[in-house]
Amino acid sequence: MLGPLGGPLGGIVVLDLSRALAGPHAAQLLGDLGARVIKVEHPDGGDESRGWGPPFVGPDHDISTYFLAANRNKQSIAVDLKSDEGKKLIERLVRHSDVLVENFRTGVLDRLGFPVERLHELNPRLVVLSITGFGHDGPEGGRPGYDQIAQGEAGLMSLTGPSADEPYRVGASIADLLAGIHGAYGVAAALYERERTGAGRVVRTSLLAAVTGVHSYHGTAWTVGGKVAAPTGNHHSSITPYGAFRCADGMLQIAAGNEAHWRKVAALLGIDAEQPRYATNRDRFLNRDELIADMEKALAAHDRAHWLAELSAAGVPAGAIRTLDEVYTWEQTRSQGLVVQVDHPVLGPIELPGPPLRFDGEPPMTHTAPPALGQDGPAVLAWLEERER
């Protein structure tokens, strides 16, 4: 059986024409929710992320861990979309799918013979998710989209790093991943709407939209307050103290999100919470460098474990800065289903980052490994022929 057992999208069929990360991530999220995801790949090499590494694993060191990250709970079929035979197969699959996911550059799907009008002629109930770099229209709608380019163009790099002179990219491919998340929830909404209208529709998002959509208070600082936000390193742009602080053996994070938290922090560190420099959040923000120096002077007296225990006992939000190996072996991570085991056809049992959602009342889902290129062609054709009878 393909994909998770059960799930709220059980019975939904997703035709995944996407590649790289944003589209495959969206399709993977739908697969995590129980949808059957059929991934269409070019016979010559497949999804380009199969070649992205290091690291590569397997007996021949040719399996990309990058590809493994975005393609669990899918079947793979090898199809040349430019061939007549390939186009006919896609037409058949479209007729029996609920969702089509694509992240081609604007106009590519049209040139392949599958404009939206044609897709809805084949299947009026089809929900189409289209993910682009900068939007499907507008003066720069045709630009190719890559994560780091979008992080810069959408302002995220201007908010990240130690100073305005050193803009940093976010370490994860956050523009791609956010576009996938936005796309998946757009699909869920369109499927719900289809229950009322009987008709599918096109859901559009982009890397630009995904990043701009999470500006949040940084956006309103400009649109309402007229202030252009700047990077603040490891400290919050509006709340103080809220950030990473040095102690005797490294760094820990403290988030004093309200005045009660601040007074508890101050009491632990021997700082007068009511002195004019630190009496309110506005005062603390204006004197942040001094406050950080005072806090780190006190924190230097003990190690991280000591302070985390003290802050926890006082009810102050605080935490360590974990490396990824620590995250995936942390009991709390594993208790939340954020690590899943799958049986890969070459690698055998492996662990993958798990889905971010859990549903009360449902047993743990059984997930399938990211597929080898074209491994499910016969199974998909047999399923399709059965549906066409």
Side-chain angles (χ1 to χ4, degrees), residues 20-23 25-26 48-49 52-54 66 69-70 103 105-106 131-135 138-183 205-246 250-257 281-282 284-293 295-296 319-324 327 353:
L21 187 52
H25 187 64
E48 57 255 51
S49 69
W52 289 354
Y66 196 116
N103 61 348
R105 286 182 63 179
T106 302
I131 302 176
T132 55
F134 294 89
E140 300 188 42
R143 290 179 62 183
Y146 285 86
D147 181 87
Q148 185 159 339
I149 304 301
Q151 286 196 37
E153 291 277 29
L156 187 58
M157 290 177 67
S158 77
L159 303 174
T160 310
S163 72
D165 295 328
E166 294 185 82
Y168 284 8
R169 66 179 291 271
V170 175
S173 297
I174 197 68
D176 280 325
L177 296 169
L178 285 171
I181 293 167
H182 292 330
T205 191
S206 65
L207 307 192
L208 171 64
V211 175
T212 305
V214 296
H215 284 171
S216 186
Y217 52 86
H218 293 299
T220 52
W222 162 248
T223 63
V224 181
K227 178 183 177 181
V228 178
T232 54
N234 286 323
H235 292 274
H236 200 282
S237 61
S238 301
I239 307 171
T240 306
Y242 190 124
F245 300 86
R246 294 179 181 83
M251 300 188 80
L252 76 162
Q253 300 204 90
I254 300 172
N281 181 67
R282 180 175 293 189
R284 293 192 295 277
F285 186 83
L286 292 173
N287 296 284
R288 185 169 62 188
D289 290 346
E290 296 173 60
L291 177 57
I292 292 171
M295 289 178 62
E296 291 189 338
I321 301 173
R322 297 175 185 266
T323 57
L324 291 192
V327 172

Trainee: Would H25 and D176 satisfy side chain to side chain contact (heavy atoms under 4.5 Å, CB included), going step by step from the backbone distance to the final call?
Mentor: CA-CA 8 Å; H25 187 64; D176 280 325; over 6 Å; no

Trainee: Before giving the answer on side chain to side chain contact (heavy atoms under 4.5 Å, CB included), spell out for Y242 and T232 the whole-Å C-alpha distance, their side-chain angles and the decisive distance to 0.1 Å.
Mentor: CA-CA 11 Å; Y242 190 124; T232 54; over 6 Å; no

Trainee: L208 versus E140: any side-chain heavy-atom pair under 4.5 Å?
Mentor: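 L208 does not reach E140 side chain to side chain.
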
Trainee: Kindly compute the distance separating CG (L178) from CG (L207), expressed to the nearest 0.5 Å.
Mentor: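 Between atom CG of L178 and atom CG of L207 there are 9.5 Å.
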
Trainee: Taking ring-ring contact (aromatic ring centres under 6.0 Å, His included) as the definition, give me every residue that meets it alongside H215, ordered by chain and number, with sequence neighbours left out.
Mentor: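 If we apply the ring-ring contact (aromatic ring centres under 6.0 Å, His included) test to H215, skipping adjacent residues, there are no hits.
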
Trainee: Please report the interatomic distance CE(M157) to CD1(I149), rounded to the nearest 0.5 Å.
Mentor: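 One finds 8.5 Å between CE of M157 and CD1 of I149.
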
Trainee: Kindly give the heavy-atom pair with the smallest separation between F134 and P144, and that separation in Å.
Mentor: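 It is CE1-O, 3.4 Å.
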
Trainee: Hey, could you give me the CD/CG distance between E296 and L291, rounded to the nearest 0.5 Å?
Mentor: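 Result: 10.0 Å between the selected atoms.
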
Trainee: Could you tell me whether the side chain of S49 reaches within less than 4.5 Å of the side chain of L21, counting heavy atoms only?
Mentor: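 The answer is no; the side chains never approach within 4.5 Å.
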
Trainee: Taking the six-membered ring for Trp, are the ring centroids of H235 and F245 within less than 6.0 Å of each other?
Mentor: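 H235 vs F245: aromatic centres under 6.0 Å.
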
Trainee: How far does OG1 of T240 sit from CG of D289, to the nearest 0.5 angstrom?
Mentor: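 Reported to 0.5 Å precision, the distance equals 10.0 Å.
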
Trainee: Rounded to the nearest 0.5 Å, what separation is found between the CG atom of L286 and the CG atom of N281?
Mentor: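 Atom-to-atom, L286:CG and N281:CG are 9.5 Å apart.
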
Trainee: Could you tell me which non-hydrogen atom of G257 sits nearest to which non-hydrogen atom of I239, and how far apart they are?
Mentor: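 That closest heavy-atom pairing would be CA-CG2, 4.3 Å.
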
Trainee: Describe, in one word, how the ring planes of Y217 and H236 are oriented to each other, choosing from parallel (under 30°), tilted (30 to 60°) and perpendicular (over 60°).
Mentor: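 The rings of Y217 and H236 lie parallel, inter-plane angle below 30°.
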
Trainee: Looking at E166 and G161, would you say the former's side chain and the latter's main chain have a donor-acceptor pair under 3.5 Å?
Mentor: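 Side chain of E166 to backbone of G161, a donor-acceptor pair under 3.5 Å: no, none is there.
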
Trainee: Which atom pair, heavy atoms only, marks the closest approach of S206 to G133?
Mentor: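 For S206 versus G133, the nearest heavy atoms are CB-O, 3.7 Å.
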
Trainee: Given 3.5 Å as the limit, does a donor-acceptor pair link the side chain of T205 with the main chain of H182, or not?
Mentor: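 Not at all, since once roles are kept as given, no pair shorter than 3.5 Å links the two residues.
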
Trainee: State, to 0.1 Å, how close Q151 and A175 come at their nearest heavy-atom pair, and which atoms those are.
Mentor: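 Answer, listing the atom of Q151 first, then A175: CG-CB, 4.4 Å.
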
Trainee: What is the distance from atom OG of S158 to atom OH of Y168, rounded to the nearest 0.5 Å?
Mentor: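 Here the rounded value is 14.5 Å.
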
Trainee: Show, in sequence, the C-alpha distance, side-chain angles and deciding distance for M295 and I254, and conclude whether the side chain to side chain contact (heavy atoms under 4.5 Å, CB included) test is met.
Mentor: CA-CA 11 Å; M295 289 178 62; I254 300 172; 4.1 Å; yes

Trainee: Restricting to non-hydrogen atoms, name the atom on A244 and the atom on I321 that form the minimum distance, rounded to 0.1 Å.
Mentor: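 The pair with the smallest heavy-atom distance is CB-CD1, 4.2 Å.
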
Trainee: For E290, check salt bridge (Lys or Arg N to Asp or Glu O under 4.0 Å) against everything at least two apart and list the hits.
Mentor: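 Once residues adjacent in sequence are excluded, the partners of E290 under the salt bridge (Lys or Arg N to Asp or Glu O under 4.0 Å) criterion are R277.
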
Trainee: Of all heavy-atom pairs between H218 and A229, which one has the smallest distance, and what is that distance?
Mentor: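 It is ND1-CB, 3.6 Å.
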
Trainee: Would the number of heavy atoms belonging to other residues, nucleotides or ligands and lying under 6.0 Å from OH of Y146 be above 12?
Mentor: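 Atom OH in Y146 is not crowded, with 12 or fewer foreign heavy atoms closer than 6.0 Å.
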
Trainee: Indicate whether any N or O donor in one side chain lies under 3.5 Å from an N or O acceptor in the other, for Q148 and R169.
Mentor: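 Yes - a donor-acceptor pair under 3.5 Å links their side chains.
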
